[in-house]
Protein chains: 2
Amino acid sequence: MPKNCNFIEKLREVGLRPTKQRIKICEVLYNREKTFHFTVNDLVKMISEQMSQKISLATVYNTVHAFEKKGYLKEISIDSQKTYFDTNTSAHHHFFDEDTHELIDCDGSDIDKINIRKTITGKKINSIEVLVRIASDNQNQK
Amino acid sequence: MPKNCNFIEKLREVGLRPTKQRIKICEVLYNREKTFHFTVNDLVKMISEQMSQKISLATVYNTVHAFEKKGYLKEISIDSQKTYFDTNTSAHHHFFDEDTHELIDCDGSDIDKINIRKTITGKKINSIEVLVRIASDNQNQK
DNA sequence: AGCTACATTATAATTATTCTAAACTATTGA
DNA sequence: TCAATAGTTTAGAATAATTATAATGTAGCT
């Protein structure tokens with residue numbers, strides 16, 4: 001059974017027409033064991049390597065943002081200019097390696113649940129994100 | 001006693017020459033009761049309003065980054081393309097209002113200390129940042 | 001098969017930031 | 001006090017990520 005059928009259904013559910021390009025995007029994003037992190041640029045590169053015809057940047061941006069809006073992707077904030085996305089949409093936190101610019105997932109046992117005592121009237125909490133910045137520890141090696 | 005003397009000393013300590021422009025930047029950043037958040041653009045606007053001659057974007061970027069490197073300013077990561085800076089350099093976390101794009105400080109009593117159980121060999125933790133995204137709560141008003 | 005609405009695409013536009021090189025100025029020492 | 005010099009400022013160009021545009025293409029209904 002071709003896996004693409006799932007993606008066609010998935011796209012329909014989300015209200016997107018299943019086109020060649022979008023199915024390809026789905027394949028690259030979701031046809032894998034583990035969730036992963038990527039930038040739009042990464043994604044375009046991956047797709048270009050796997051397709052004969054090239055895909056437009058605009059299409060990738062549009063589709064990725066459509067997925068994000070529907071909750072199939074999560075955006076991650078890091079100070080660099082680039083926007084990272086995560087195919088792991090469950091609530092979790094991240095380590096960011098400032099040397100390699102690599103993002104690493106934390107699971108529930110790595111960080112205790114964050115308890116926010118402050119409330120702001122008329123506002124609800126959309127999300128709580130923890131970013132732990134790490135870098136090589138040269139202290140001991142010198 | 002003119003307050004500028006402090007800024008001249010401060011700049012010298014940081015290893016920057018105290019020029020008109022830099023002193024003006026210091027005044028706008030540190031001549032106030034409370035710490036605050038800003039983007040480089042905000043800062044240029046504030047300075048332009050207070051000075052007859054205009055200040056170059058490049059100067060502001062250079063100076064702000066010099067301060068940041070020395071620990072006199074903190075950079076804050078938010079998904080938008082803009083980089084926010086904070087004159088409050090102590091360890092603290094933030095609320096980000098997604099409606100108004102306003103940043104709000106949390107103090108120690110708002111969020112418990114974050115305990116990270118995960119360690120990555122050869123890497124040290126540089127910082128732990130919590131960002132709580134909030135937005136207007138329309139659930140009850142509809 | 002053909003219509004129509006939605007998609008894709010290349011390209012231009014926009015925005016934030018960094019770079020560059022020429023003009024300027026604070027500091028140092030004579 | 002004044003000139004030399006090393007660091008600064010500046011306007012504008014360059015870059016990079018992202019978004020908008022408008023012409024062309026295509027999925028899905030009839």
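Model, not experiment: these values are computed from the prediction. Per chain, numbering begins at 1; letters A, B, ... match sequence-line order.
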Is the closest basic N to carboxylate O distance between [X] and [Y] below 4.0 Å?
| X | Y | value |
| --- | --- | --- |
| D110(B) | K118(A) | yes |
| K123(B) | D99(A) | yes |
| K24(A) | E27(A) | yes |

Of the listed nucleotides dA27(D), dT8(C), dT9(D), the one nearest the side chain of T59(B):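 Closest nucleotide to the T59(B) side chain: dT9(D).
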Pairs involving residues 105-133 of chain B, ordered by first then second residue, that meet ring pair (Phe, Tyr, Trp, His ring centres under 6.0 Å) (sequence neighbours left out):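 Every pair satisfying ring pair (Phe, Tyr, Trp, His ring centres under 6.0 Å) with a residue in residues 105-133 of chain B: there are none.
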Gap between atoms [atom1] and [atom2], on [X] and [N] respectively (whole Å):
| X | N | atom1 | atom2 | answer |
| --- | --- | --- | --- | --- |
| I8(B) | dT27(C) | CD1 | C1' | 13 Å |
| R22(A) | dT8(C) | CZ | C1' | 9 Å |
| K45(B) | dT15(C) | NZ | P | 12 Å |
| F67(A) | dA7(C) | CZ | P | 12 Å |
| I55(B) | dC24(C) | CD1 | C1' | 15 Å |
| N62(B) | dA11(D) | CG | C1' | 13 Å |
| I47(A) | dT9(C) | CD1 | C1' | 14 Å |
| F38(B) | dA16(C) | CZ | P | 15 Å |

Check: A58(B) main-chain N/O paired with N62(B) side-chain donor or acceptor under 3.5 Å: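 At least one qualifying donor-acceptor pair exists.
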Backbone N/O of S90(B) and side chain of K74(B): donor-acceptor pair under 3.5 Å: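 Indeed, once roles are kept as given, a pair shorter than 3.5 Å links the two residues.
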Phosphate contact (dG28(D) OP1 or OP2) by R12(A) side-chain N/O below 4.0 Å: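 Yes, within the criterion.
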Per-nucleotide protein contact string for nucleotides 12-26 of chain D, where B marks a base within reach and S marks sugar-phosphate only (heavy atoms under 4.0 Å, - for neither): -----SBBB------
